[in-house]
Amino acid sequence: MTRTPVARGPKRPLKSAPVPLFTNRGLPMRLSRYFLPTLKETPAEAQIVSHRLMLRAGLVRQHAAGIYTWLPLGFAVLKRIEQIVREEQNRAGAQELLMPTIQSADLWRESGRYDDYGKEMLRITDRHERDLLYGPTAEEVITDVFRSNVRSYKDLPKILYHIQWKFRDEVRPRFGIMRGREFLMKDAYSFDLDTAAARRSYNQMFVSYLRTFDRLGLKAIPLRADTGPIGGDLSHEFIVLADTGESEVHCHRSLLEMSVPEGVDYEGDLQPVVDAWTGLYAAADEMHDAAQEATLGDALVTARGIEVGHIFHFGTKYSAPMGAAVAGPDGEPVTVVMGSYGIGVSRLVGAIIEASHDDNGIIWPESVAPFHVGLVNLKVSDAATSAACESLYEGLGRERVLYDDRDERAGAKFADMDLIGLPWQLIVGPKGVAKGMVELKNRATGEREDISTESALARLAG
RNA sequence: CGGGGCGUAGCUCAGCCUGGUAGAGCGCUAGCUUUGGGAGCUAGAAGCCGGAGGUUCGAAUCCUCUCGCCCCGACCA
């Protein structure tokens, strides 16, 4: 059979299609074309809720112990979280750069950590028998960059960060993505002339963490953490509250009700904010103080959570051995004081699910949801229903919409939609379409309402 | 790294004790019927039973070694 040439339409200018940074990051998408392998049953290896749901909802697949492939839907969430972290870092005055994953062992010998770090560090040898390692953190690299490029106190302060994959060869990876060996982390490093200035940097990061977790739809509690040999009170862990969290938190009730500062002036004095958040009793299980808790009475609450951030002032621990100094105002060299500030970006995906799910699946906070709305065509074979869906799909085009146009039964579609947890479901069936009505369902509350297609569009656009 | 467990179809698992050449449910493909909360029937496709060696006429099954994964503990973003 010969093919008739396809007739070409009239010449018209190329439609300027949006060019997203990541193709799965907020473009409208048809489920029939999307790579979303959902599972009805739970794979045997997954024990905790977030791991189970991440596998079932088609977010990730395990590659090896503690190492995962991010599938499109999971990758979209990861990127959204990463972007929020980035925006809040930038807002606080930190500057993004990108350091390598593979690092030279020589740098780590300078800081003395090459021998100290132990088996958690994945060591690699290249073809010239040079010792390399897959970075578990980046203090050495950033200190090296700093010392070879910054000469004067006038260049301080600086906070530099990157969002990069790390590897720690955990003895026992577990909890899916939450305790993997390979993980995505935001790590920032501050450089200051003295401890007072370092505290300002610390406070900036502290406040930006409050804002970051808040934007992610999480309730985070800062806990005073062990500072090791450095001492002082400049180290905090940020614990995100989740009923299924792995660690226990004891804290003052008021801490849970405290509101996160808005419109922060990061150049201003942040000490009052930090004081407010650190003034109330809060301790991890292993650090808690029964005597102090007794005085709290009813104000004491015990909750569960997941550590998602850790900020740390470490003075000259790396700058001294590695010779990171600048000329001070008097011309004399001053060893810079440093701090580091981590956020477990990939871990946050799991933490958010732990904090926000129900029996049917994930419930994404709006800010990180891979799509804003799931458009559910209940009867693909019905011309009117499909036409209505197409027009809604078109109308919602600038929203993040996932259109379930698969020829599946209603039940399967509802189950999948609940499982992947998009904030809104727009359900379109023949009965409603006949009356010009669709159903809008809120995933978090389960509330449904029948509304006209016009108001559905208006609601979802607003 | 100590202790325990598991590797059989894409997923969940049975079969192993007592050797005789591989099964179920779900999923997948096709057809018919269904169609608002994971449908029914029929017919299919799909597994060198994690790998290597050994015992045996014969091994998913017994023995040895090995690799992988999971759980508990110690350790960590």
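A note on names: the letters A, B, ... follow the listed sequences, proteins ahead of strands, and every chain is numbered from 1. Reckoned from all heavy atoms, side chains included, excluding hydrogens, waters and symmetry mates.
Taking atom P in both B:A9 and B:G23, the straight-line distance is 14 Å, to the nearest Å. Spacing between B:A14 and B:G25 at atom P, rounded to whole Å, works out to 16 Å. When the P atom is compared between B:U18 and B:A22, the two are found 22 Å apart, to the nearest whole Å. B:G15 and B:A59: their C1' atoms are spaced 14 Å apart (whole Å). Separation of the P atoms belonging to B:G10 and B:C67 is 25 Å when rounded to the nearest angstrom. The separation of B:A52 from B:U61, taken at their P atoms, amounts to 12 Å, rounded to a whole angstrom. As rounded to the nearest Å, B:A45 and B:G50 have P atoms that lie 23 Å from one another. Nucleotides B:U35 and B:A77 are separated by 48 Å at their C1' atoms, to the nearest Å.
At most 12 non-hydrogen atoms from other residues, nucleotides or ligands lie less than 6.0 angstrom from CZ of A:R200.
We find that CZ of A:R406 is positioned 13 Å from C1' of B:G27, with the value rounded to whole Å. Atom CD1 of A:I311 is separated from atom P of B:A77 by 14 Å (rounded to the nearest Å). Residue A:F213 contributes atom CZ, which lies 10 Å from atom C1' of B:A77 at whole-angstrom precision. In this entry the distance linking CG of A:D382 with C1' of B:U34 reads 15 Å, nearest Å. Atom CD1 of A:I420 and atom P of B:G38 are 18 Å apart (whole Å). Per the geometry, CG belonging to A:D416 stands 16 Å off C1' belonging to B:G36, to the nearest Å. In this structure, CD of A:E182 is placed 18 Å from P of B:A77, rounded to the nearest angstrom. In this structure, A:D407 atom CG and B:A30 atom C1' are separated by 14 Å, rounded to whole Å.
No contact: A:R181 has no heavy atom under 4.0 Å from any strand. At a threshold of 4.0 angstrom between heavy atoms, the contacts of A:N360 with the nucleic acid are absent. Residue contacts for A:D187: at a heavy-atom cut-off of 4.0 Å it reaches no nucleic acid atom on any strand shown. Nucleic acid contact class of A:G342 (heavy atoms, under 4.0 Å, all strands): none. The residue A:K119 sits close only to the backbone: its heavy atoms come under 4.0 Å of sugar-phosphate atoms, none of a base. Residue A:K186 is out of contact with every strand shown, counting any heavy-atom pair closer than 4.0 Å. Residue contacts shown for A:E439 include a base, since a base heavy atom lies under 4.0 Å away. If you check every strand for non-hydrogen atoms under 4.0 Å, A:A415 touches a base.
Base pairing of B:G31: its partner is B:C41, meeting the Watson-Crick or G-U wobble criterion (both donor-acceptor distances under 3.5 Å). Look at B:G73: its Watson-Crick or wobble partner, with both distances under 3.5 angstrom, is B:C1. Pairing of B:C16, defined by two Watson-Crick or G-U wobble distances under 3.5 Å, is not identified with any nucleotide.
When each of A:G180 and A:A65 is assigned the nucleotide of RNA chain B with its nearest heavy atom, A:A65 is the one assigned upstream, toward the 5' end. Residue A:S381 is the one, among A:G66 and A:S381, whose nearest nucleotide of RNA chain B lies closer to the 5' end (criterion: closest heavy atom).
A centroid separation of 6.0 Å or more is found between the aromatic rings of A:Y341 and A:F238. Between A:F175 and A:H51, the ring centre distance reaches or exceeds 6.0 Å.
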Inset, instruction - Report the C-alpha separation of A:M258 and A:L280 in whole Å, then their side-chain angles, then the decisive distance to 0.1 Å, and conclude whether the side chain to side chain contact (heavy atoms under 4.5 Å, CB included) test is met. - result: CA-CA 11 Å; A:M258 208 166 305; A:L280 292 166; 3.4 Å; yes

Legend entry - Derivation and outcome, salt bridge (Lys or Arg N to Asp or Glu O under 4.0 Å), residues A:E366 and A:R215: CA-CA 9 Å; A:E366 299 249 3; A:R215 279 189 66 188; over 6 Å; no

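Considering A:E140, A:R113, A:E139 as possible partners of A:Y318, the one that fulfils the side-chain hydrogen bond (donor to acceptor under 3.5 Å, both in side chains) test is A:R113. Test A:R347, A:H357, A:E354 against A:S50 for side-chain hydrogen bond (donor to acceptor under 3.5 Å, both in side chains) and you get one pass: A:E354.
In this view, A:S391 satisfies the side-chain contact (heavy atoms from CB on, under 4.5 Å) rule with no residue, not counting sequence neighbours. Partners of A:Y134 by ring pair (Phe, Tyr, Trp, His ring centres under 6.0 Å), not counting sequence neighbours, listed by chain and number: A:F167.
Considering only heavy atoms from C-beta on, A:L419 comes within 4.5 Å of A:T38 through its side chain.
Between A:F183 and B:A77, a base-stacking contact is recorded: ring centres under 5.5 Å apart, planes less than 30° from parallel.
Within the structure, every pair that satisfies the ring-ring contact (aromatic ring centres under 6.0 Å, His included) test and touches residues 78-116 of chain A, not counting sequence neighbours, is listed here: A:W108-A:Y117.
Look at A:E88 and A:R211 and you find a salt bridge, because one of the NZ, NE, NH1 or NH2 atoms lies within 4.0 Å of a carboxylate O, short of that distance.
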Inset, instruction - Using a 4.0 Å heavy-atom cut-off, write out nucleotides 39-45 of chain B from 5' to 3' as B (base contacted by protein), S (sugar-phosphate only) or - (no contact). - result: B------

Inset, instruction - Between protein and nucleotides 6-15 of chain B, map the contacts as a letter string: B base, S sugar-phosphate only, - none, heavy atoms under 4.0 Å, written 5' to 3'. - result: -----BSS--

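Aromatic ring pairs are classed by plane angle as parallel below 30°, tilted from 30° to 60° and perpendicular above 60°; the pair A:F314 and A:F312 is tilted. Ring planes of A:W70 and A:W165: tilted class, angle from 30 to 60°.
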Please tabulate, one pair per line, each protein N/O and nucleotide N/O from nucleotides 72-76 of chain B that are separated by under 3.5 Å, including the distance.
{"from": "B:C72", "atom 1": "OP2", "to": "A:R172", "atom 2": "NH1", "distance (Å)": "3.3"}
{"from": "B:C72", "atom 1": "OP2", "to": "A:R172", "atom 2": "NH2", "distance (Å)": "2.2"}
{"from": "B:A74", "atom 1": "N6", "to": "A:R174", "atom 2": "NH2", "distance (Å)": "3.1"}
{"from": "B:C75", "atom 1": "O2", "to": "A:R179", "atom 2": "NH2", "distance (Å)": "3.1"}
{"from": "B:C75", "atom 1": "N3", "to": "A:R179", "atom 2": "NH2", "distance (Å)": "2.9"}
{"from": "B:C75", "atom 1": "N4", "to": "A:R174", "atom 2": "NH2", "distance (Å)": "2.8"}
{"from": "B:C76", "atom 1": "O2", "to": "A:R179", "atom 2": "NE", "distance (Å)": "3.2"}
{"from": "B:C76", "atom 1": "N3", "to": "A:R179", "atom 2": "NH1", "distance (Å)": "3.4"}

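Between B:G38 and A:K413, no contact under 4.0 Å exists linking OP1 or OP2 to a side-chain N or O.
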